[in-house]
Amino acid sequence: MLRRVVVLLALLTASAATSAAQWQLQDAHTTADLRGIDNVGNGVAWASGSDGTILRTEDAGFVWQLCAKPPGGEHLDFRAIQAFDNNTAIIMSSGKGDLSRLYKTTDGCQSWKLVFTNPDKDGFWDALSDSTQTMMDRNGKVMPGGGVYDLLGDPVNGKFPLSTIVGSYSKPNNFTEKIPAKVGEVVFAASNSSLLTYGNDFLFATGGRAGARVVRKRVLAITDTTGWISYPWSNVPVGDATASSGIFSLAASQKRFSRATVVAVGGDYESPNDSRRIAASSNDGGKRWRASEIQPHGYRSAVAYDSKTKTWITVGPNGTDISTDDGRNWRALKPDAKFNDTPDADQHWNALSLPYAVGPHGRIGTLRPSALRPTQ
């Protein structure tokens, strides 16, 4: 009898180890390496990547339009895009010094205006984040100027620059803070998800030779430079404290981080099949972290949360994994033959904005709704 129970449990465990049906691949008509993706909703999404490439869809991915390239940006690597609607978006390029730039369009990507260029010749921008609401002053009143966006870069002279851009995006360097970095500490620009912001709350993730940590702050006013709280990298068990490892992506279960579960993923991009120290989770908004018990199946560059199904999804070069217990355990999401999925439909992904994923060589996919349903 005991043997039958053991066998039954083994079969149940094996059946739960993977889930089927997932990415429906789309034709983007480009071979660019795509790393920026933003789903606006109502069928509108924007994507960006290498060689000045920007894409837009207005019909949920049935057709991806190649946008005009920004002036002087034909060879830039656009790692991030934040969109407002089908006409308005802001893009960020990553590169040393003045190769890090912001451009904006208001006419559906027919033309672009240069907004801001990195003033630090040794700087490198990693992430652009939409705060989704206006900044408040110390009395809790909304400050004028419109929405708030934040730019995070690699350390310059031992400090991370974090620039807050208000309203019209004018002179964002007026609001740049300098956050002390450890020796060998970096931010990874793999998926534009190393920085999370919501209103006055900030979380950003690091890696490199100093190890992985999450830096956290709540700002009382836009001129407030106090309150940065750093947690030692040993409290975020992701990566192995090498130049190519650490946290590559953060996601939260809700926008107010103090009440959220936060999941961090990464690993070592030079060892994509190494499944050690890939993911960790925090149930107190990023203060304390624990390693996942069953890890994703290799290096992961992006993670996202689907609130409807309460499912976390993470992607990387060798596969896709999901978790239904707030990042404690992960299982692979595999291609499904009944949908005529290609054998590698789960692989070769860089970034997420559900239901979309993007990757190298113009790879774009849409996640099928059935993919996040529990395995029967």
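Along the sequence shown, residues carry numbers from 1. No experiment lies behind these values; they were computed from the predicted model shown.
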If two hydrophobic side chains count as joined below 4.5 Å and joins carry through other members, does [X] share a cluster with [Y]?
| X | Y | result |
| --- | --- | --- |
| Phe204 | Phe188 | no |
| Phe84 | Leu128 | yes |
| Trp23 | Ile322 | yes |
| Val186 | Leu196 | no |
| Leu114 | Ile90 | no |

Six-ring centre of Trp349, Arg363 cation under 6.0 angstrom, axis tolerance 45°: yes
Arg368 NZ/CZ over Phe339 ring centroid, <6.0 Å and within 45° of normal: yes
Ignoring hydrogens and angles, state whether a donor on the side chain of [X] or [Y] is under 3.5 Å from an acceptor on the partner side chain.
| X | Y | value |
| --- | --- | --- |
| Thr366 | Gln26 | yes |
| Arg79 | Asn350 | no |
| Trp64 | Asp27 | no |
| Ser292 | Trp330 | yes |
| Asp321 | Ser323 | no |
| Asn86 | Glu58 | yes |
| His361 | Asp33 | no |
| Thr105 | Asp107 | yes |

Looking only at heavy atoms, what is the nearest atom pair of [X] and [Y], with distance?
| X | Y | answer |
| --- | --- | --- |
| Ala28 | Gly362 | CB-O, 3.5 Å |
| Ala45 | Asn39 | CB-CA, 4.0 Å |
| Ser245 | Ala241 | OG-N, 3.4 Å |
| Asp154 | Pro161 | O-CD, 3.2 Å |
| Ala251 | Trp312 | O-CZ3, 3.6 Å |
| Ile81 | Gly36 | CG2-C, 3.9 Å |

is_close_aromatic(Tyr299, Phe248), centroid dist under 6.0 Å: yes
Ring centers of Phe78, Trp46 separated by less than 6.0 Å: no
Under the 3.5 angstrom rule, does the side chain of [X] hit a backbone N or O of [Y] as a donor-acceptor pair?
| X | Y | answer |
| --- | --- | --- |
| Thr314 | Ala302 | yes |
| Gln295 | Ala279 | yes |
| Thr206 | Glu185 | no |
| Asp51 | Ala32 | no |
| Ser249 | Val303 | yes |
| Asp306 | Lys310 | no |

Could you grab the distance from atom [atom1] of [X] to atom [atom2] of [Y], nearest 0.5 Å is fine?
| X | Y | atom1 | atom2 | result |
| --- | --- | --- | --- | --- |
| Ser93 | Asp98 | OG | CG | 9.0 Å |
| Thr30 | Leu66 | OG1 | CG | 5.5 Å |
| Leu152 | Phe124 | CG | CZ | 11.5 Å |
| Leu367 | Leu352 | CG | CG | 8.5 Å |
| Asp150 | Ser163 | CG | OG | 8.5 Å |
| Asp341 | Leu25 | CG | CG | 7.5 Å |

So do [Y] and [X] actually touch side chain to side chain, heavy atoms under 4.5 Å?
| X | Y | result |
| --- | --- | --- |
| Ile91 | Ile54 | yes |
| Asp122 | Lys96 | yes |
| Thr88 | Lys104 | yes |
| Trp125 | Asn118 | yes |
| Leu195 | Thr197 | yes |
| Leu333 | Gln22 | yes |
| Tyr305 | Leu354 | no |
| Asp274 | Asp268 | no |

Given Gln347, His297, His348, Arg300, the one that forms side chain to side chain donor-acceptor pair (under 3.5 Å) with Asn318: Arg300
Side-chain cluster (under 4.5 Å, hydrophobic types only) that Ile294 belongs to, other residues: none
Pairing residues for Ser282 by the side-chain hydrogen bond (donor to acceptor under 3.5 Å, both in side chains) criterion, not counting sequence neighbours: Asp284
Steps toward side chain to side chain contact (heavy atoms under 4.5 Å, CB included) verdict (Arg276, Asp240): CA-CA 9 Å; Arg276 298 175 303 110; Asp240 289 315; 3.1 Å; yes
CZ (Arg209) with more than 12 external heavy atoms under 6.0 Å: no
Stepwise side chain to side chain contact (heavy atoms under 4.5 Å, CB included) check, Asn283 with Asp326: CA-CA 9 Å; Asn283 59 11; Asp326 284 336; over 6 Å; no
From CA spacing to verdict: side chain to side chain contact (heavy atoms under 4.5 Å, CB included), Leu162, Phe202: CA-CA 10 Å; Leu162 180 65; Phe202 296 78; 3.6 Å; yes
Steps toward side chain to side chain contact (heavy atoms under 4.5 Å, CB included) verdict (Val238, Arg277): CA-CA 5 Å; Val238 174; Arg277 299 175 65 88; 5.5 Å; no
Working for ring pair (Phe, Tyr, Trp, His ring centres under 6.0 Å), residues Phe116 and Tyr103: CA-CA 7 Å; Phe116 185 51; Tyr103 291 87; over 10 Å; no
Stepwise side-chain hydrogen bond (donor to acceptor under 3.5 Å, both in side chains) test for Asn273 and Ser275: CA-CA 6 Å; Asn273 296 320; Ser275 59; over 6 Å; no
Side-chain ion pair, Glu177 and Lys159, N-O less than 4.0 Å: no
